[in-house]
Amino acid sequence: HVQLVESGGGSVEVGGSLRRSCAHRGLSAGTGCIGWFRQSPGKEREGQAAMYGGGATYTERTYYADSVKGRFTISQDIAKNTVYLQMNKLTPEDTAMYYCAAGYRFLGLLNKDAYTFWGQGTQVTVS
């Protein structure tokens, strides 16, 4: 089955940046998609970015929530089996637990129901 290992959480000042990593095993371009989600206490898990495809064979597609468009960028290093979320211009509203997720559904990719496998989650605090 697919395994996801996250890193890159921590604390950052308002206006600062963080880069989160999601290393995956058992997933390859063209067979699945990766999404980044966040969840605050009392709120439902919500998607920030997602992608699938890439490499020499598949066209890469990316998707962003309106709240992070222009600030966050999703990308991948295929050789390292890793997907990244670069987060810039961070605000206190970005404080949350962040998760990466993998799935095989290619509709509604900012909806948590599209995903089957989840990383452990890491805390991001912006103050």
If we only count heavy atoms from C-beta on, is the Arg20 to Tyr98 side-chain gap below 4.5 Å?
-> yes

Atom pair CD/CG of Glu46 and Leu110 - distance to nearest 0.5 Å | 10.0 Å

State whether Tyr84 and Arg19 meet the cation-pi test: NZ (Lys) or CZ (Arg) under 6.0 Å from the six-membered ring centroid, and within 45° of the perpendicular axis.
-> yes

Parallel, tilted or perpendicular, as decided by the 30° and 60° cut-offs, for the rings of Phe117 and His1 = parallel

Apply ring pair (Phe, Tyr, Trp, His ring centres under 6.0 Å) to the pair Trp118 and Phe37, showing each step before the final yes or no.
-> CA-CA 10 Å; Trp118 293 86; Phe37 290 76; 5.1 Å; yes

Side chain of Gln48, backbone of Arg38: donor and acceptor closer than 3.5 Å?
-> yes

Residue pair Ile34 / Leu27, side-chain heavy-atom distance below 4.5 Å = yes

Looking at Tyr115, does the NZ or CZ of Arg105 lie under 6.0 angstrom from its six-membered ring centre and within 45 degrees of the ring axis?
-> no

With no hydrogens and no angle check, do the side chains of Asp77 and Thr82 hold a donor and an acceptor under 3.5 Å apart?
-> no

So which heavy atom on Leu90 is nearest to which on Arg71, and how close?
-> CA-NH1, 3.9 Å

N/O donor-acceptor pair under 3.5 Å between Ser67 side chain and Ala65 backbone | no

Separation between SG of Cys22 and CD of Gln120, rounded to the nearest 0.5 Å | 8.5 Å

Decide if atom CG of Asp66 counts as having more than 12 heavy atoms of other residues, nucleotides or ligands within a radius under 6.0 Å.
-> no

Determine whether the side chains of Arg25 and Gln3 contain a donor N or O and an acceptor N or O closer than 3.5 Å.
-> no

